[in-house]
Amino acid sequence: MDVDAAMGRALELAAAAQTWGDTPIGAVVLGPDGAALAEAANEREKRGDPTAHAEVLALRAAAAVHGDGWRLTGCTLVVTLEPCTMCAGASVLARVDRLVYAADDPKAGAAGSLWDVVRDRRLNHRPEVSAGVRAEESAALLRAFFRDRRGL
């Protein structure tokens, strides 16, 4: 699966998250061969779990099937919104080789917008980062979600 197709799937997952009241964010983890290993949508509201971000759930599921324990060496994390500090940290600690995200998050992004956890030279791993893949689609989904939540 190429990155554009993976982002398309992540956008589908993000849209589904709205049905249970979660912020529309989706994530897909691609294995070294490009095949989808795992996918998830935000489930904080659904699970009542503040750590149930799409990225964390997808990384956990990918680690369970990757075959190298918790190390996701050679894998790519594709997500619809720039990861927060928790999720950026999780991608570094999981040793993903590449992080691809759609829309920037100027309020909480930790891959360059507000912080830059994934490129911090003090850490022992720094994934390659690609931003802006299908960004407008993701941003439109998020804008519509928050507009509806605010009743505008």
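Count residues from 1 along the sequence. Note that this is a predicted model, so its numbers are computed, not measured.
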Identify the heavy atoms of [X] and [Y] that sit nearest to each other, and give their distance.
X: Ala54; Y: Ala41; result: CB-C, 3.6 Å
X: Ala62; Y: Ala38; result: N-CB, 3.4 Å
X: Phe145; Y: Gly21; result: CZ-O, 4.1 Å
X: Lys46; Y: Trp20; result: CB-CD1, 3.6 Å
X: Ala88; Y: Ala110; result: CB-O, 3.6 Å
X: Ser130; Y: Arg98; result: OG-NH2, 3.3 Å

Could you check whether any side-chain N or O of [X] sits under 3.5 Å from a backbone N or O of [Y], counting only pairs where one atom can act as donor and the other as acceptor?
X: Arg60; Y: Ala58; answer: no
X: Asp33; Y: Ala35; answer: yes
X: Ser138; Y: Thr80; answer: yes
X: His125; Y: Val96; answer: yes
X: Asp97; Y: Thr73; answer: no
X: Arg134; Y: Asp4; answer: yes

Applying a strict under-4.5 Å side-chain criterion to I, L, V, M, F, W and Y, I'd like to know whether [X] and [Y] cluster together.
X: Leu81; Y: Val56; value: no
X: Val100; Y: Leu30; value: yes
X: Leu13; Y: Val3; value: yes
X: Leu99; Y: Val133; value: no
X: Val118; Y: Val28; value: no

Fill in: Steps toward side-chain contact (heavy atoms from CB on, under 4.5 Å) verdict (Arg9, Val78)
CA-CA 10 Å; Arg9 178 61 185 144; Val78 179; over 6 Å; no
Practice prompt. Decide yes or no for Arg95 and Leu72: does some side-chain heavy atom of the first lie under 4.5 Å from some side-chain heavy atom of the second?
Written response: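 Counting from C-beta outward, Arg95 and Leu72 never come under 4.5 Å.
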Discussion item. Under a 4.0 Å threshold between the charged nitrogen and the carboxylate oxygen, would Asp116 count as salt-bridged to Arg119?
Written reply: yes
Practice prompt. For the pair Arg143 and Glu136, find out whether any cationic side-chain nitrogen is under 4.0 Å from an anionic carboxylate oxygen.
Written response: yes
From [X] atom [atom1] to [Y] atom [atom2], the distance as rounded to the nearest 0.5 Å:
X: Glu137; Y: Leu11; atom1: CD; atom2: CG; result: 5.5 Å
X: Leu59; Y: Trp70; atom1: CG; atom2: CH2; result: 12.0 Å
X: Leu77; Y: Leu37; atom1: CG; atom2: CG; result: 11.5 Å
X: Glu55; Y: Glu82; atom1: CD; atom2: CD; result: 10.5 Å
X: Arg122; Y: Asp120; atom1: CZ; atom2: CG; result: 4.0 Å
X: Ile25; Y: Leu57; atom1: CD1; atom2: CG; result: 11.5 Å

Worksheet entry | Leu141 vs Gln18, side-chain contact (heavy atoms from CB on, under 4.5 Å): CA-CA, chis, key distance, verdict | CA-CA 10 Å; Leu141 189 62; Gln18 297 177 101; 3.5 Å; yes
Worksheet item: Are Asp105 and Leu114 close enough, and set up right, to give a side-chain contact (heavy atoms from CB on, under 4.5 Å), and what steps lead you there?
Response: CA-CA 8 Å; Asp105 186 353; Leu114 189 57; over 6 Å; no
